[in-house]
Amino acid sequence: MLKIILNGAGGRMGGAVREQVAGSADDTVLVAEIDKLSEDFSMHSIAEYKGEADVIIDFSHHSAVRELISYALGRSIPLVLSTTGHTEEEKALIYEAAKSVPISYSANMSLGIAILTDFARRAAALLPGADIEIVEIHHNRKLDAPSGTANRIAEELKTVRPNATFVYGRHGMGKRAPEEIGIHALRMGNETGTHQVILSTDYQTIRLEHKAESRAVFAEGAISAAKFLVGKPAGLYDMQSMVNLTV
(Lines give C-alpha, C1' and ligand atoms only; values in the text may rest on other atoms or scores of the structure.)
Protein backbone atom coordinates (compact mmCIF):
# COMPACT_ATOMS: atom_id res chain seq x y z
CA MET A 1 0.00 0.00 0.00
CA LEU A 2 1.35 3.42 -1.01
CA LYS A 3 0.96 5.87 1.88
CA ILE A 4 0.77 9.50 0.69
CA ILE A 5 0.97 12.75 2.62
CA LEU A 6 -0.99 15.40 0.70
CA ASN A 7 0.02 19.00 1.39
CA GLY A 8 -2.39 21.61 0.06
CA ALA A 9 -5.37 19.27 0.39
CA GLY A 10 -7.91 22.12 0.48
CA GLY A 11 -7.12 23.62 -2.92
CA ARG A 12 -8.62 22.69 -6.27
CA MET A 13 -5.72 20.41 -7.15
CA GLY A 14 -5.63 18.94 -3.64
CA GLY A 15 -9.30 18.10 -4.06
CA ALA A 16 -8.56 16.47 -7.41
CA VAL A 17 -5.88 14.28 -5.79
CA ARG A 18 -8.31 13.27 -3.04
CA GLU A 19 -10.90 12.30 -5.66
CA GLN A 20 -8.33 10.30 -7.65
CA VAL A 21 -7.21 8.35 -4.57
CA ALA A 22 -10.79 7.75 -3.42
CA GLY A 23 -11.70 6.33 -6.82
CA SER A 24 -8.51 4.32 -7.25
CA ALA A 25 -8.66 0.55 -7.46
CA ASP A 26 -5.05 0.08 -6.36
CA ASP A 27 -3.52 0.22 -2.88
CA THR A 28 -3.08 3.97 -2.58
CA VAL A 29 -4.13 5.86 0.54
CA LEU A 30 -3.85 9.38 1.92
CA VAL A 31 -2.45 9.01 5.44
CA ALA A 32 -2.42 12.77 6.05
CA GLU A 33 -4.36 15.63 4.44
CA ILE A 34 -2.82 18.98 5.31
CA ASP A 35 -3.86 22.51 4.47
CA LYS A 36 -2.46 25.66 6.03
CA LEU A 37 -5.45 27.84 5.19
CA SER A 38 -8.52 25.60 5.39
CA GLU A 39 -10.38 24.85 8.61
CA ASP A 40 -11.76 21.70 6.95
CA PHE A 41 -8.52 19.86 7.77
CA SER A 42 -7.24 19.12 11.25
CA MET A 43 -3.56 19.49 10.32
CA HIS A 44 -2.22 22.84 9.12
CA SER A 45 1.48 21.97 8.98
CA ILE A 46 3.24 18.89 7.68
CA ALA A 47 5.35 18.85 10.85
CA GLU A 48 2.22 17.78 12.77
CA TYR A 49 2.14 14.35 11.08
CA LYS A 50 4.28 11.75 12.87
CA GLY A 51 2.91 8.57 11.30
CA GLU A 52 4.15 6.32 8.50
CA ALA A 53 4.41 7.63 4.94
CA ASP A 54 6.02 6.59 1.67
CA VAL A 55 5.87 9.87 -0.25
CA ILE A 56 4.73 13.51 -0.07
CA ILE A 57 2.67 15.25 -2.75
CA ASP A 58 2.55 19.05 -2.56
CA PHE A 59 -0.13 21.12 -4.29
CA SER A 60 0.02 24.13 -1.97
CA HIS A 61 2.25 27.14 -2.73
CA HIS A 62 5.88 27.49 -3.72
CA SER A 63 6.65 29.28 -0.44
CA ALA A 64 6.02 26.01 1.46
CA VAL A 65 9.08 24.38 -0.09
CA ARG A 66 11.47 25.11 2.78
CA GLU A 67 9.23 23.39 5.35
CA LEU A 68 8.54 20.49 3.00
CA ILE A 69 12.21 19.90 2.28
CA SER A 70 13.10 20.04 5.96
CA TYR A 71 10.43 17.41 6.69
CA ALA A 72 11.39 15.20 3.73
CA LEU A 73 15.07 15.27 4.66
CA GLY A 74 14.39 14.66 8.33
CA ARG A 75 12.31 11.58 7.58
CA SER A 76 13.98 10.47 4.29
CA ILE A 77 10.69 10.60 2.41
CA PRO A 78 10.47 11.24 -1.37
CA LEU A 79 8.80 14.51 -2.38
CA VAL A 80 6.62 15.37 -5.38
CA LEU A 81 6.58 19.15 -5.88
CA SER A 82 3.57 20.00 -8.03
CA THR A 83 3.66 23.79 -7.63
CA THR A 84 5.38 26.38 -9.81
CA GLY A 85 6.72 29.89 -9.33
CA HIS A 86 9.68 28.99 -7.11
CA THR A 87 12.26 31.71 -6.54
CA GLU A 88 15.90 31.13 -7.41
CA GLU A 89 16.62 30.65 -3.71
CA GLU A 90 13.86 28.05 -3.44
CA LYS A 91 15.12 26.26 -6.53
CA ALA A 92 18.56 26.10 -4.99
CA LEU A 93 17.05 24.44 -1.92
CA ILE A 94 15.32 21.88 -4.14
CA TYR A 95 18.49 21.06 -6.08
CA GLU A 96 20.50 20.67 -2.90
CA ALA A 97 17.87 18.49 -1.19
CA ALA A 98 17.72 16.21 -4.25
CA LYS A 99 21.25 15.10 -3.39
CA SER A 100 19.79 13.36 -0.32
CA VAL A 101 16.22 12.32 -1.23
CA PRO A 102 14.39 11.67 -4.51
CA ILE A 103 12.41 14.74 -5.61
CA SER A 104 10.05 15.08 -8.56
CA TYR A 105 9.88 18.67 -9.80
CA SER A 106 7.98 19.50 -12.99
CA ALA A 107 6.42 22.58 -14.53
CA ASN A 108 3.53 20.38 -15.64
CA MET A 109 2.40 17.16 -13.95
CA SER A 110 0.79 15.66 -17.06
CA LEU A 111 2.45 12.55 -18.44
CA GLY A 112 0.93 13.49 -21.80
CA ILE A 113 2.93 16.74 -21.83
CA ALA A 114 6.11 14.74 -21.19
CA ILE A 115 5.24 12.54 -24.18
CA LEU A 116 4.50 15.59 -26.34
CA THR A 117 7.83 17.13 -25.36
CA ASP A 118 9.67 13.91 -26.21
CA PHE A 119 7.98 13.68 -29.63
CA ALA A 120 8.74 17.35 -30.35
CA ARG A 121 12.40 16.97 -29.43
CA ARG A 122 12.76 13.92 -31.69
CA ALA A 123 10.99 15.69 -34.57
CA ALA A 124 13.22 18.75 -34.19
CA ALA A 125 16.30 16.53 -34.37
CA LEU A 126 15.04 14.68 -37.43
CA LEU A 127 14.01 17.89 -39.23
CA PRO A 128 16.96 20.21 -38.49
CA GLY A 129 15.80 22.82 -41.02
CA ALA A 130 12.20 23.04 -39.86
CA ASP A 131 10.79 26.23 -38.37
CA ILE A 132 9.38 25.67 -34.87
CA GLU A 133 6.55 27.52 -33.14
CA ILE A 134 5.09 26.81 -29.69
CA VAL A 135 1.56 27.96 -28.86
CA GLU A 136 -0.01 27.63 -25.41
CA ILE A 137 -3.61 28.46 -24.43
CA HIS A 138 -4.87 28.92 -20.87
CA HIS A 139 -7.80 30.46 -18.99
CA ASN A 140 -8.05 34.22 -18.61
CA ARG A 141 -7.05 34.14 -14.94
CA LYS A 142 -3.59 32.65 -15.44
CA LEU A 143 -0.94 35.08 -14.20
CA ASP A 144 2.24 34.01 -16.02
CA ALA A 145 2.83 34.10 -19.76
CA PRO A 146 4.15 32.13 -21.44
CA SER A 147 3.41 29.11 -19.30
CA GLY A 148 6.16 27.28 -17.48
CA THR A 149 5.29 24.27 -19.62
CA ALA A 150 5.87 26.18 -22.86
CA ASN A 151 9.22 27.38 -21.55
CA ARG A 152 10.17 23.82 -20.59
CA ILE A 153 9.26 22.52 -24.05
CA ALA A 154 11.41 25.26 -25.59
CA GLU A 155 14.36 24.36 -23.36
CA GLU A 156 14.05 20.69 -24.35
CA LEU A 157 14.02 21.66 -28.03
CA LYS A 158 17.18 23.68 -27.47
CA THR A 159 18.99 20.46 -26.50
CA VAL A 160 18.82 19.47 -30.18
CA ARG A 161 18.85 23.05 -31.50
CA PRO A 162 21.70 24.56 -29.43
CA ASN A 163 21.83 27.75 -31.52
CA ALA A 164 18.12 28.46 -31.15
CA THR A 165 16.89 31.82 -29.91
CA PHE A 166 13.47 32.28 -28.32
CA VAL A 167 11.10 34.92 -29.68
CA TYR A 168 8.03 35.72 -27.58
CA GLY A 169 4.80 36.89 -29.23
CA ARG A 170 6.41 37.89 -32.53
CA HIS A 171 5.54 41.37 -33.82
CA GLY A 172 7.01 44.20 -35.90
CA MET A 173 8.96 44.13 -39.16
CA GLY A 174 11.61 41.69 -40.35
CA LYS A 175 11.59 38.13 -41.59
CA ARG A 176 11.90 35.09 -39.37
CA ALA A 177 15.45 34.06 -38.48
CA PRO A 178 16.26 30.39 -39.25
CA GLU A 179 17.13 29.46 -35.67
CA GLU A 180 14.16 31.14 -34.00
CA ILE A 181 11.70 29.22 -31.84
CA GLY A 182 8.52 31.27 -31.51
CA ILE A 183 6.61 31.07 -28.21
CA HIS A 184 3.06 32.43 -28.06
CA ALA A 185 0.58 32.71 -25.17
CA LEU A 186 -3.20 32.93 -25.56
CA ARG A 187 -5.49 33.70 -22.61
CA MET A 188 -9.21 33.04 -22.99
CA GLY A 189 -12.26 31.80 -21.15
CA ASN A 190 -11.90 28.77 -18.91
CA GLU A 191 -9.32 26.90 -21.00
CA THR A 192 -7.63 24.30 -18.80
CA GLY A 193 -4.47 24.11 -20.88
CA THR A 194 -3.49 23.39 -24.48
CA HIS A 195 0.08 23.20 -25.77
CA GLN A 196 0.99 22.94 -29.45
CA VAL A 197 4.35 22.45 -31.13
CA ILE A 198 4.36 23.15 -34.87
CA LEU A 199 7.29 22.18 -37.09
CA SER A 200 7.22 23.32 -40.69
CA THR A 201 9.47 23.09 -43.74
CA ASP A 202 8.75 24.39 -47.23
CA TYR A 203 7.04 21.10 -48.05
CA GLN A 204 5.43 19.69 -44.92
CA THR A 205 4.09 20.60 -41.49
CA ILE A 206 3.85 18.54 -38.31
CA ARG A 207 1.45 19.66 -35.56
CA LEU A 208 1.74 18.12 -32.11
CA GLU A 209 -0.90 19.03 -29.54
CA HIS A 210 -1.75 18.17 -25.96
CA LYS A 211 -5.03 19.34 -24.50
CA ALA A 212 -5.88 18.93 -20.82
CA GLU A 213 -9.59 18.15 -20.69
CA SER A 214 -9.70 18.37 -16.90
CA ARG A 215 -7.45 19.41 -14.03
CA ALA A 216 -7.73 15.81 -12.90
CA VAL A 217 -4.98 14.99 -15.39
CA PHE A 218 -2.47 16.85 -13.18
CA ALA A 219 -3.63 15.01 -10.07
CA GLU A 220 -3.29 11.71 -11.93
CA GLY A 221 0.23 12.71 -12.99
CA ALA A 222 1.25 13.65 -9.44
CA ILE A 223 0.11 10.26 -8.15
CA SER A 224 2.00 8.53 -10.97
CA ALA A 225 5.10 10.55 -10.07
CA ALA A 226 4.70 9.52 -6.42
CA LYS A 227 4.58 5.84 -7.37
CA PHE A 228 7.59 6.35 -9.65
CA LEU A 229 9.70 7.98 -6.91
CA VAL A 230 9.31 5.26 -4.28
CA GLY A 231 12.44 3.13 -4.24
CA LYS A 232 14.43 5.50 -6.48
CA PRO A 233 17.83 6.79 -5.37
CA ALA A 234 18.27 10.41 -4.35
CA GLY A 235 18.09 12.74 -7.32
CA LEU A 236 16.02 15.31 -9.18
CA TYR A 237 13.34 13.76 -11.40
CA ASP A 238 10.49 15.09 -13.53
CA MET A 239 7.70 13.71 -15.69
CA GLN A 240 10.19 13.46 -18.55
CA SER A 241 12.18 10.99 -16.41
CA MET A 242 9.21 8.63 -16.46
CA VAL A 243 8.99 8.78 -20.26
CA ASN A 244 12.74 8.29 -20.72
CA LEU A 245 12.80 5.20 -18.48
CA THR A 246 9.70 3.53 -19.90
CA VAL A 247 10.12 4.01 -23.67
Counting only pairs under 3.5 Å, give me each side-chain donor-acceptor contact of residues 191-199, with atom names and distances, residues two or more places apart or in other chains.
residue : atom : partner : partner atom : Å
Glu191  : OE1  : Lys211  : NZ           : 3.4
Glu191  : OE2  : Thr194  : OG1          : 2.5
Glu191  : OE2  : Lys211  : NZ           : 2.9
His195  : NE2  : Ser147  : OG           : 3.0
Gln196  : NE2  : Glu209  : OE1          : 2.7

Side-chain donor-acceptor pairs of residues 11-22 under 3.5 Å, sequence neighbours excluded:
residue : atom : partner : partner atom : Å
Arg18   : NE   : Ala9    : O            : 3.1
Arg18   : NH2  : Ala9    : O            : 3.4

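Summarising the hydrophobic clusters (Ile, Leu, Val, Met, Phe, Trp, Tyr; side-chain heavy atoms under 4.5 Å, direct or chained), the residues clustered with Val65 are Met1, Ile5, Val29, Val31, Ile34, Met43, Ile46, Tyr49, Ile56, Leu68, Ile69, Tyr71, Leu73, Ile77, Leu79, Leu81, Leu93, Ile94, Tyr95, Val101, Ile103, Tyr105, Leu236. Taking Ile, Leu, Val, Met, Phe, Trp and Tyr as members and joining any whose side-chain heavy atoms lie under 4.5 Å apart, directly or through other members, Val160 forms no hydrophobic cluster with any other residue. Members clustered with Leu37: none, using a 4.5 Å side-chain heavy-atom cutoff among hydrophobic residues. Under a 4.5 Å side-chain heavy-atom criterion applied to ILVMFWY residues, the cluster that includes Met173 comprises that residue alone.
Side-chain atoms of Ser38 do not come within 3.5 Å of backbone N or O of Asp35 as any donor-acceptor pair. When atom types are taken as modelled, the side chain of Glu180 and the backbone of Ala177 share a donor-acceptor pair closer than 3.5 angstrom.
Following chains of ILVMFWY side-chain contacts shorter than 4.5 Å, one cannot reach Leu186 starting from Leu143, and the two form parts of different hydrophobic clusters. Tracing side-chain contacts under 4.5 Å through hydrophobic residues (I, L, V, M, F, W, Y), one reaches Ile206 starting from Ile134; they form part of the same cluster. Both Leu157 and Tyr168 belong to a common hydrophobic cluster when Ile, Leu, Val, Met, Phe, Trp and Tyr are linked at side-chain heavy-atom distances under 4.5 angstrom. Cluster annotation: Ile113 and Leu208 are assigned to the same hydrophobic cluster (Ile/Leu/Val/Met/Phe/Trp/Tyr, side-chain heavy-atom contacts under 4.5 Å, transitive). Linking ILVMFWY side-chain heavy atoms closer than 4.5 Å, directly or via other members, places Phe119 and Met239 in a single hydrophobic cluster.
With sequence neighbours left out, the salt bridge (Lys or Arg N to Asp or Glu O under 4.0 Å) criterion links Lys36 to no other residue. Glu220 pairs by the salt bridge (Lys or Arg N to Asp or Glu O under 4.0 Å) definition with nothing, not counting sequence neighbours. Taking the salt bridge (Lys or Arg N to Asp or Glu O under 4.0 Å) definition, one finds that Lys158 meets it with nothing, sequence neighbours left out. Take Arg176 and apply the salt bridge (Lys or Arg N to Asp or Glu O under 4.0 Å) test, not counting sequence neighbours, and it matches Asp131, Glu133. For His210, there are no ring-ring contact (aromatic ring centres under 6.0 Å, His included) partners at least two apart in sequence or on another chain. With sequence neighbours excluded, no residue satisfies side-chain contact (heavy atoms from CB on, under 4.5 Å) with Thr84.
Inter-residue side-chain proximity for Tyr237 and Ser106 is flagged as unmet; no heavy-atom pair is nearer than 4.5 Å. Side-chain contact between Asp54 and Pro78 is absent, with no heavy atoms from C-beta onward closer than 4.5 Å. Side-chain contact check for His61 versus Thr83: every heavy-atom pair is 4.5 Å or farther apart.
Heavy-atom minimum distance, Ala124 versus Ile132: CB-CD1, 3.8 Å. Between Phe59 and Ser82, the shortest heavy-atom contact is CE2-CB, 3.2 Å. Of all heavy-atom pairs between Ala234 and Ser100, the closest is CB-C, 3.4 Å. Of all non-hydrogen atoms in Ile183 and Ala154, the two that sit nearest each other are CD1-CB, 3.7 Å. Considering every non-hydrogen atom in both Gly189 and Arg141, the closest pair reads O-NH1, 3.8 Å. When all heavy atoms of Ile137 and Arg187 are compared, the closest pair comes out as C-NH1, 4.3 Å.
For the residue pair Asn108/Thr149, the side-chain donor-acceptor check at 3.5 Å is satisfied. In summary, the side chains of His184 and Glu136 do not present any donor paired with an acceptor at a separation below 3.5 Å, with no hydrogens or angles considered.
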> Can you check side-chain contact (heavy atoms from CB on, under 4.5 Å) on Val80 and Val55, steps first, answer last?
Replying inline: CA-CA 8 Å; Val80 178; Val55 65; 4.1 Å; yes
>> If you apply the rule side-chain contact (heavy atoms from CB on, under 4.5 Å), what do you find for Ile181 with Val167, and how did you get there?
In response: CA-CA 6 Å; Ile181 295 179; Val167 176; over 6 Å; no
>> Apply salt bridge (Lys or Arg N to Asp or Glu O under 4.0 Å) to residues Lys91 and Glu88 and explain how you reach the verdict.
In response: CA-CA 5 Å; Lys91 290 178 182 178; Glu88 291 305 313; 3.6 Å; yes
>> Between Phe218 and Ser110, is the side-chain contact (heavy atoms from CB on, under 4.5 Å) condition met? List the steps.
In response: CA-CA 5 Å; Phe218 307 121; Ser110 165; 4.1 Å; yes
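One finds the NE2 atom of His86 at 8.5 Å from the OG atom of Ser63 (value rounded to the nearest 0.5 Å). Annotation: the span from Leu2 atom CG to Lys227 atom NZ amounts to 7.0 Å, rounded to 0.5 Å. Rounding to the nearest 0.5 angstrom, the gap separating the OG1 atom in Thr117 from the CD atom in Glu155 is 12.0 Å. Here the straight-line distance linking atom OG of Ser70 with atom CZ of Arg75 works out to 12.0 Å at 0.5 Å rounding. Here the CG atom belonging to Leu116 is positioned 12.0 Å from the CZ atom belonging to Arg121, to the nearest 0.5 angstrom.
By the neighbour-count criterion of 12 heavy atoms within 6.0 Å, atom CD of Glu179 is densely surrounded, having more than that number from other residues, nucleotides or ligands. Counting heavy atoms of neighbouring residues, nucleotides and ligands inside a 6.0 Å radius, atom CZ of Arg66 does not exceed 12 of them.
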